[in-house]
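Read through the structure below, which is laid out as structure tokens, and then see the notes.
Naming: A, B, ... by sequence-line order, numbering from 1 per chain.
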Amino acid sequence: MRDTRPGPSLASAMPRDHAPSRSAADAGDARTRQTAPALLAWYDRHRRDLPWRARPGERPDPYHVWLSEIMLQQTTVATVGPYYARFLQRWPTVAALAAADLDAVLHAWQGLGYYARARNLHRCAKAVAGEHGGRFPETEEGLLTLPGIGGYTAAAVAAIAFGAKATPVDGNIERVVARLFALETPLPASKPELRRLAGLLTPETRAGDFAQAMMDLGATLCRPKAPLCLACPLTAFCAARAAGIAETLPRRSPKRARPQKHGVVFWIRCPDGAVLLRRRAEEGLLGGLMEFPSTDWREESWSVSAAIKAAPVKADWQALPGVVEHGFTHFDIDLTLLTGEVPARTKLEGVWVKPEDFAGQALPTLMKKVARHALAALQDAPAAPPETGRRKKKASS
DNA sequence: AATCCGTGGGT
DNA sequence: TACCCAAGGAT
């Protein structure tokens, strides 16, 4: 249903005992007072029904709010959905999650990325279950002491789960606020100012609904590209809209190019078909996840002879055709593969796993690509007639 | 303070 | 293709 009412008038909201608005400062003051009521009215009509969101009038479950906020860090709603459902079914309470094995949590997190979140999620659950009597702290300061909870998440949980007047500021809200105030300072330098301005907008009550409304607005109308200003409940207050620069905001400082790195993976088989996997270090890139052994990943390319010197075992190495490519946030990588046979399940650092059991391992996407590539190449290679047509790539994970 | 952390979808 | 960007945190 379309709302055909005119937008709120700036003048009508001015206190009666004040002179009519004449200055930009007055207009800005009107903006800070009128934004929340207008936005909440919009939210009450257009609120999205998300799995972790309490129904109107229902009390939110802090565990649900916290779990969803951790998963949603730098991750889209659509991606999170299935993971959230699986976690909640398997670990219905924070106590259940605290009692889980870290390996099980990492495995359930597989594919969601930023795996430090999963380790901190588990640590946080243990802290809440152990040191806080099974209840989450209800203040920003208290929440901030927990692993994996930073300024954004502390404010989001405090506001959404506990009704505190707190102002979470995520990428959506940064964009909405930058446009509302036509702030042209580029990110990330503008972050403190954006937080301050967002705080000015936050109402005394319904701070949680306000935050979610701002995020909904950013996700559906105040989008990065092609914002739908005509449907926006804040268009009357939006300085960027008035100036015709909404789509260009927020500005961003240029980011440096991502380096290209190279590595060589050792696909080590034993006669029963098992392949060697090892666990990565707990800290850093893909921390705690499983991988196929490889050389260092470096910007200098590897020769086969140099790579073989770095192999974890002696073998008759054979190069597989093709490369596996992958992009991370801050670098791109290509991996080439060497296959080698060992006579038995040699005692090496790692575990022997048959390909049909890979699904039971916490393999990051890069290593799933490696497995798919190796299995396809090994299936094609032995005594295969020369390829004449295009080859279809099959997913085998 | 700048850099390091994944991944998938949209354009 | 090559970007952008997403309910950020830790160091």
Side-chain angles (χ1 to χ4, degrees), chain A residues 48 50-53 64-84 106 109-121 123-124 143-161 166-176 187-189 191-192 195 198 208-220 222-226 247-248 250-261 280-289 291 297 325-333 362-369:
Chain A
R48 292 189 293 170
L50 302 177
W52 42 85
R53 213 168 247 186
H64 297 181
V65 175
W66 164 74
L67 178 61
S68 68
E69 289 297 344
I70 301 297
M71 288 185 165
L72 286 163
Q73 288 167 7
Q74 297 291 285
T75 309
T76 58
V77 165
T79 301
V80 164
Y83 286 88
Y84 176 82
L106 280 173
W109 199 272
Q110 174 187 30
L112 200 51
Y114 286 132
Y115 297 96
R117 290 187 296 171
R119 285 177 265 130
N120 285 330
L121 183 86
R123 283 208 295 146
C124 184
L143 290 159
L144 215 38
T145 67
L146 292 168
I149 296 187
Y152 164 79
T153 306
V157 174
I160 298 170
T167 308
V169 178
D170 74 326
N172 286 305
I173 297 179
E174 285 177 347
R175 182 170 59 256
V176 172
L187 287 167
K191 279 176 180 287
R195 277 196 293 271
D209 283 346
F210 175 73
Q212 294 177 92
M214 288 283 275
M215 291 188 270
D216 275 13
L217 188 75
T220 60
C222 199
R223 308 180 296 193
K225 308 286 183 189
E247 189 165 4
T248 74
R251 309 258 158 89
R252 290 179 191 277
S253 299
K255 50 195 80 170
R256 81 178 182 103
R258 301 189 308 190
Q260 178 73 42
K261 295 193 179 187
R280 293 179 59 85
E282 293 298 323
E283 312 264 309
L285 181 69
L286 306 175
L289 300 188
E291 67 172 2
W297 302 348
E325 300 189 65
H326 190 70
F328 291 105
T329 312
H330 49 299
F331 68 91
D332 293 318
I333 186 166
L363 289 175
T365 295
L366 170 60
M367 291 301 150
K368 286 193 196 175
K369 288 184 184 176

For [X] and [N], give me the distance from atom [atom1] to atom [atom2], rounded to whole Å.
| X | N | atom1 | atom2 | result |
| --- | --- | --- | --- | --- |
| A/Leu67 | C/dA7 | CG | P | 17 Å |
| A/Lys368 | B/dG8 | NZ | C1' | 12 Å |
| A/Asn120 | B/dC4 | CG | C1' | 14 Å |
| A/Leu112 | C/dA6 | CG | P | 17 Å |
| A/Lys255 | C/dC3 | NZ | C1' | 9 Å |
| A/His330 | C/dA10 | NE2 | P | 17 Å |
| A/Gln74 | B/dG9 | CD | P | 17 Å |
| A/Leu285 | C/dA10 | CG | C1' | 15 Å |

Across the strands shown, which category fits [X] at heavy-atom distances under 4.0 angstrom: base, sugar-phosphate, nothing?
| X | answer |
| --- | --- |
| A/Arg175 | sugar-phosphate |
| A/Trp66 | nothing |
| A/Pro168 | nothing |
| A/Leu187 | nothing |
| A/Gly151 | sugar-phosphate |
| A/Pro188 | nothing |
| A/Leu286 | sugar-phosphate |
| A/Ser68 | nothing |
| A/Gly287 | nothing |
| A/Arg252 | sugar-phosphate |

Among [options], the nucleotide that comes nearest once only the side chain of [X] is considered:
| X | options | answer |
| --- | --- | --- |
| A/His326 | C/dG9, B/dT7, B/dG6 | B/dT7 |
| A/Glu69 | C/dA7, B/dG6, B/dT7 | C/dA7 |
| A/Arg117 | B/dG8, B/dG6, B/dC5 | B/dG6 |

- request: Specify the residue among A/Ile149 and A/Leu50 whose closest nucleotide of DNA chain C lies further upstream toward the 5′ end.
  value: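 Taking each residue's closest nucleotide, the earlier one in sequence belongs to A/Leu50.
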task: Using heavy atoms to find the nearest nucleotide of DNA chain C for A/Leu144 and A/Trp52 separately, return the residue whose nucleotide is more 5′.
output: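 With A/Leu144 and A/Trp52 compared, the 5'-side residue is A/Trp52.
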query: In Å and rounded to the nearest 0.5 Å, what is the CG to CD distance from A/Leu363 to A/Glu291?
result: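 The CG atom of A/Leu363 sits 10.0 Å away from the CD atom of A/Glu291.
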Straight-line distance of A/Thr153 OG1 to A/Leu143 CG, nearest 0.5 Å: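 Going from OG1 on A/Thr153 over to CG on A/Leu143, the span is 9.5 Å.
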message: For the C1' atoms, the ones on B/dA1 and on C/dG9, what distance do you get once it is rounded to whole angstrom?
response: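 Here B/dA1 and C/dG9 have their C1' atoms 15 Å from each other.
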Can you tell me if [X] touches the phosphate of [N], counting only side-chain N or O atoms and a distance under 4.0 Å to OP1 or OP2?
| X | N | value |
| --- | --- | --- |
| A/Thr153 | C/dG9 | yes |
| A/Tyr115 | B/dT7 | yes |
| A/Thr329 | B/dC5 | no |

- prompt: Do we see a donor-acceptor contact under 3.5 Å between the side chains of A/Gln73 and A/Arg117?
  reply: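 No pair is found: no donor N or O on one side chain lies under 3.5 Å from an acceptor on the other.
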- prompt: So, the side chain of A/Arg175 versus the backbone of A/Cys222: is there a donor-acceptor pair under 3.5 Å, distance only?
  reply: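 Pair found, side chain donor or acceptor close to backbone of A/Cys222.
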